[in-house]
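No experiment lies behind these values; they were computed from the predicted model shown.
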Amino acid sequence: MENQLLFKFREKLAESKLDAFLVTSTGNVQYLTGFTGHDTFLLITADNRGADLITDFRYIEQAEQETAGFEIIRHKNGLIKKVKELTKKLKIKKLGFESNYLTYTMVTLLRKKLGQRTELVPTSDLVESLREIKTPDEIGRIRQAVDCARLAFLKVTKIIKPGMTEKELAN
């Protein structure tokens with residue numbers, strides 16, 4: 001069964017008339033996949049052909065442990081080169097990207113590598129718009145975090161004294 005977030009995101013891609021989307025923000029990659037590593041791109045097609053987490057050798061094992069439903073692809077010669085290979089393989093004509101997170105230099109390099117075959121479409125807040133509305137699972141995790149913070153506060157109020165430093169309290 002497909003990840004509900006991935007399903008919703010693919011609906012947004014279809015609405016935007018994009019063949020695929022390149023997620024480059026670490027926070028957005030983590031939100032969509034659960035992967036907490038760095039130096040990673042996520043390529044998602046509007047149809048069900050691809051949901052590829054592209055990373056290097058340092059993060060393969062971590063990605064396998066933290067994600068489900070995503071193809072983990074190791075790049076050896078750079079993220080952009082692997083994106084080029086995948087867009088060619090998947091015959092992607094319109095590729096959306098996070099204009100708020102990809103540098104001008106990276107966009108220029110990506111355009112050069114993709115050539116005329118794939119149109120790059122800058123977008124803003126496509127993933128973030130999903131993040132605005134919390135899922136029942138997210139609400140549950142927020143409640144857990146609040147409970148944890150409340151318990152920690154209650155413990156701290158029992159041991160804190162005037163003149164105590166933060167370091168003393170932390171110890």
message = Donor-acceptor check, side chain of Asn28 to backbone of Val127, threshold 3.5 angstrom: yes or no?
response = no
task = State whether the side chain of Asp125 and the backbone N or O of Glu128 hold a donor-acceptor pair below 3.5 Å, judged by distance alone.
result = no
Closest contact, heavy atoms only, [X] versus [Y]:
X      : Y      : answer
Ser124 : Asn100 : OG-ND2, 3.2 Å
Ala51  : Gly69  : CB-O, 4.2 Å
Leu126 : Ser16  : CD1-OG, 3.9 Å

Which pairs of donor and acceptor atoms, one on a side chain in residues 133-142, lie under 3.5 Å apart (sequence neighbours left out)?
unit_1 : atom_1 : unit_2 : atom_2 : d
Lys134 : NZ     : Arg131 : O      : 2.8
Thr135 : OG1    : Glu138 : N      : 3.1
Thr135 : OG1    : Glu138 : OE1    : 3.3
Asp137 : OD2    : Arg141 : NE     : 3.2
Asp137 : OD2    : Arg141 : NH2    : 2.7
Glu138 : OE1    : Thr135 : N      : 2.8

[Y] reachable from [X] in the ILVMFWY side-chain graph, under 4.5 Å edges:
X      : Y      : value
Leu42  : Val121 : yes
Leu114 : Ile44  : no
Leu102 : Val23  : no
Val156 : Met164 : yes
Ile92  : Leu120 : yes

What residues, two or more places apart in sequence or in another chain, satisfy side chain to side chain donor-acceptor pair (under 3.5 Å) together with [X]?
X      : answer
Thr165 : Glu168
Lys84  : none
Ser129 : Lys12

What's the separation between atom [atom1] in [X] and atom [atom2] in [Y], rounded to the nearest 0.5 Å?
X      : Y      : atom1 : atom2 : result
Tyr101 : Met106 : OH    : CE    : 15.0 Å
His75  : Asp56  : NE2   : CG    : 4.5 Å
Glu71  : Arg49  : CD    : CZ    : 14.0 Å
Leu5   : Leu32  : CG    : CG    : 6.5 Å
Leu22  : Leu110 : CG    : CG    : 6.5 Å
Leu79  : Leu43  : CG    : CG    : 11.5 Å

request  = With sequence neighbours left out, write down each residue that passes ring pair (Phe, Tyr, Trp, His ring centres under 6.0 Å) with Phe9, or none if nothing qualifies.
outcome  = Phe21
request  = Assess whether side chain to side chain contact (heavy atoms under 4.5 Å, CB included) is satisfied between Phe97 and Thr123, documenting all intermediate values.
outcome  = CA-CA 6 Å; Phe97 69 93; Thr123 68; 6.0 Å; no
Does some side-chain heavy atom of [Y] sit less than 4.5 Å from a side-chain heavy atom of [X]?
X      : Y      : value
Phe41  : Val83  : yes
Glu119 : Leu95  : no
Lys88  : Glu85  : no
Leu90  : Asp52  : yes
Tyr59  : Ile72  : no
Lys112 : Thr108 : no

query = In terms of heavy-atom contacts, does NZ of Lys113 have more than 12 from other residues, nucleotides or ligands at under 6.0 Å?
reply = no
ask   = Do NZ/NE/NH1/NH2 and the carboxylate oxygens of Lys8 and Glu11 come within less than 4.0 Å?
value = no
message = What verdict does the side chain to side chain contact (heavy atoms under 4.5 Å, CB included) test give for Ile73 and Leu53, after you've listed the backbone C-alpha separation in whole Å, the side-chain angles of each residue and the deciding distance to 0.1 Å?
response = CA-CA 6 Å; Ile73 298 179; Leu53 185 71; over 6 Å; no
task = Using the side chain to side chain donor-acceptor pair (under 3.5 Å) rule, collect all pairs that involve residues 34-45, keeping only residues at least two apart or in two chains.
result = Thr36-Gln62, Thr36-Glu66, Asp39-Arg58, Thr40-Thr55, Thr45-Asp47
